[in-house]
Amino acid sequence: MYVIAHLSDPHLDGTEEARARLRQITSYVRSSTVDVVLATGDLADHGLPEEYVEVARELTFDVPTLVLPGNHDVSHPFRALVSAPGEGHPVNQLHDVGPARFLLVDSTVEGKDHGYLTEETLGWLESSLNEPFDGPIFLAMHHPPFELHHPVMDQWKLENPDALAKILTAKPVTAVLTGHVHNAITSTFAGHPVLGAPGIRSTVPLPFESTQNTLADPHAHPGLAFHLHTPGEPLQTIYRYPH
Ligand SMILES: [Fe+2]
Ligand SMILES: [Fe+2]
């Protein structure tokens, strides 16, 4: 069994509160046996260089660790974090870890909160998916490719999901792994599972359930997703909120 520990949105900002919430997750991951750790963005809250020093220190595991940017991340220090040459967005990455391939898609727009996939990103993704690969392929990006049905979060949605659907339809993608909406969410897109990790820094209640009318509940327990891949079987996902 191949195990992906998928965490998202720690929003590290130098505060003990943010650090402690992330450490509840990272300590649980370190005590588990996993093959790879994936963090789907909003690693730093303000994108400051000193926040990335903290990100690098806190997201250290004895297995390969993959990170991609969210709308709170800033390209220059993020590129330094992942040793990506060049400047600006997008920062798209392909990593093979054991039998699995990870296509880490940059859905962010510098200085904005919504998501958008540039022509460069779409072209890169299409050519990457056209490469023959004998193993599970995970596409990971910060913004889910659909609305949350939340009046504030949907202002910050991915704005061109149709362009992505054209590329993903009928492609051998095992799952699309996302963050950003600070909710454990499962859905489908272009015929593929979409699996979102809980928000570590906070949880966003939906209008139908909220009695407090707040955008983000900073007290909801942090969590993560474990995606379990066994050859010849459907992917399984376990959501865990360790105490
Ligand atoms: Fe976030
Ligand atoms: Fe975000």
Side-chain angles (χ1 to χ4, degrees), residues 5-15 17-26 37-48 51-52 54-55 58-59 66-78 81-82 89-93 104-118 121 139-161 164 176-187 189 194-206 210 214-225 239 241:
H6 176 193
L7 52 95
S8 202
D9 294 79
H11 289 258
L12 287 175
D13 58 2
T15 64
E17 184 185 356
R19 190 160 46 245
R21 290 180 67 88
L22 176 58
R23 285 182 177 177
Q24 281 188 267
I25 301 304
T26 54
V37 177
L38 168 69
T40 46
D42 285 355
L43 311 173
D45 198 37
H46 308 95
L48 300 173
E51 292 177 342
Y52 287 95
E54 193 179 7
V55 168
E58 297 297 328
L59 294 182
L66 310 178
V67 296
L68 57 82
N71 50 303
H72 281 253
D73 293 300
V74 169
S75 62
H76 187 74
F78 181 83
L81 179 72
V82 297
H89 287 256
V91 188
N92 297 310
Q93 309 165 71
L104 308 183
V105 173
D106 186 347
S107 62
T108 66
V109 181
E110 193 95 62
K112 304 287 186 188
D113 288 316
H114 68 271
Y116 187 83
L117 302 175
T118 64
T121 293
L139 189 161
M141 61 184 195
H142 185 62
H143 296 79
F146 42 64
E147 294 186 356
L148 185 65
H149 305 294
H150 184 289
V152 177
M153 291 304 295
D154 285 342
Q155 296 173 23
W156 308 330
K157 67 184 177 184
L158 183 73
E159 291 199 340
N160 56 342
L164 179 64
V176 179
L177 309 179
T178 61
H180 184 53
V181 293
H182 292 220
N183 275 291
I185 185 168
T186 68
S187 187
F189 181 77
V194 179
L195 304 163
I200 291 176
R201 189 67 172 92
S202 62
T203 294
V204 174
L206 293 178
S210 174
T214 55
L215 171 59
D217 176 358
H219 305 297
H221 210 76
L224 80 159
Y239 286 101
Y241 296 80

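Whatever order the structure lists them in is the order used to number ligands and atoms, beginning at 1.
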Checklist entry - Between the Fe ion (ligand 1) and H182, is there an N, O or S atom separated by less than 2.8 Å? => result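 It does; at least one qualifying atom falls short of 2.8 Å.
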Checklist entry - N/O/S of H11 less than 2.8 Å from the Fe ion (ligand 1)? => result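 For H11, the answer is yes, given that an N, O or S atom comes within less than 2.8 Å of the Fe ion (ligand 1).
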Next on the checklist: Ring centroids only, cut at 6.0 angstrom: are H11 and H182 within range, meaning strictly under it?
Outcome noted: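 For H11 and H182, the ring centres are under 6.0 Å apart.
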Next on the checklist: Only N/O/S atoms count here: what is the atom of H180 closest to the Fe ion (ligand 2) called?
Outcome noted: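 Within H180, restricted to N, O or S, the Fe ion (ligand 2) is closest to atom ND1.
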Next on the checklist: Suppose we only allow N, O or S atoms; which atom of D42 ends up nearest to the Fe ion (ligand 2)?
Outcome noted: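 The D42 atom nearest to the Fe ion (ligand 2), restricting to N, O or S, is OD2.
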Checklist entry - With the Fe ion (ligand 2) at the center, what angle do NE2 from H142 and OD1 from N71 span, rounded to 10 degrees? => result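 Centred on the Fe ion (ligand 2), the NE2/OD1 angle is 90° (to 10°).
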Checklist entry - Parallel, tilted or perpendicular: which describes the rings of F78 and Y52, with under 30° parallel and over 60° perpendicular? => result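 F78 vs Y52 ring planes: perpendicular.
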Next on the checklist: For H76, is the NE2 atom crowded, meaning more than 12 foreign heavy atoms sit under 6.0 Å from it?
Outcome noted: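 No, not enclosed.
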Next on the checklist: Going by side chain to side chain contact (heavy atoms under 4.5 Å, CB included), P90 matches just one of T108, V109, D106. Which one?
Outcome noted: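 For P90, the side chain to side chain contact (heavy atoms under 4.5 Å, CB included) test succeeds with only one of T108, V109, D106, which is D106.
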Item to check | Where L68 and Q93 come nearest, the two heavy atoms and their spacing | outcome: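 Of all heavy-atom pairs spanning L68 and Q93, the closest is CA-NE2, 4.3 Å.
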Checklist entry - So which of the N, O or S atoms of D9 lies nearest the Fe ion (ligand 1)? => result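 In D9, the N, O or S atom with the shortest distance to the Fe ion (ligand 1) is OD2.
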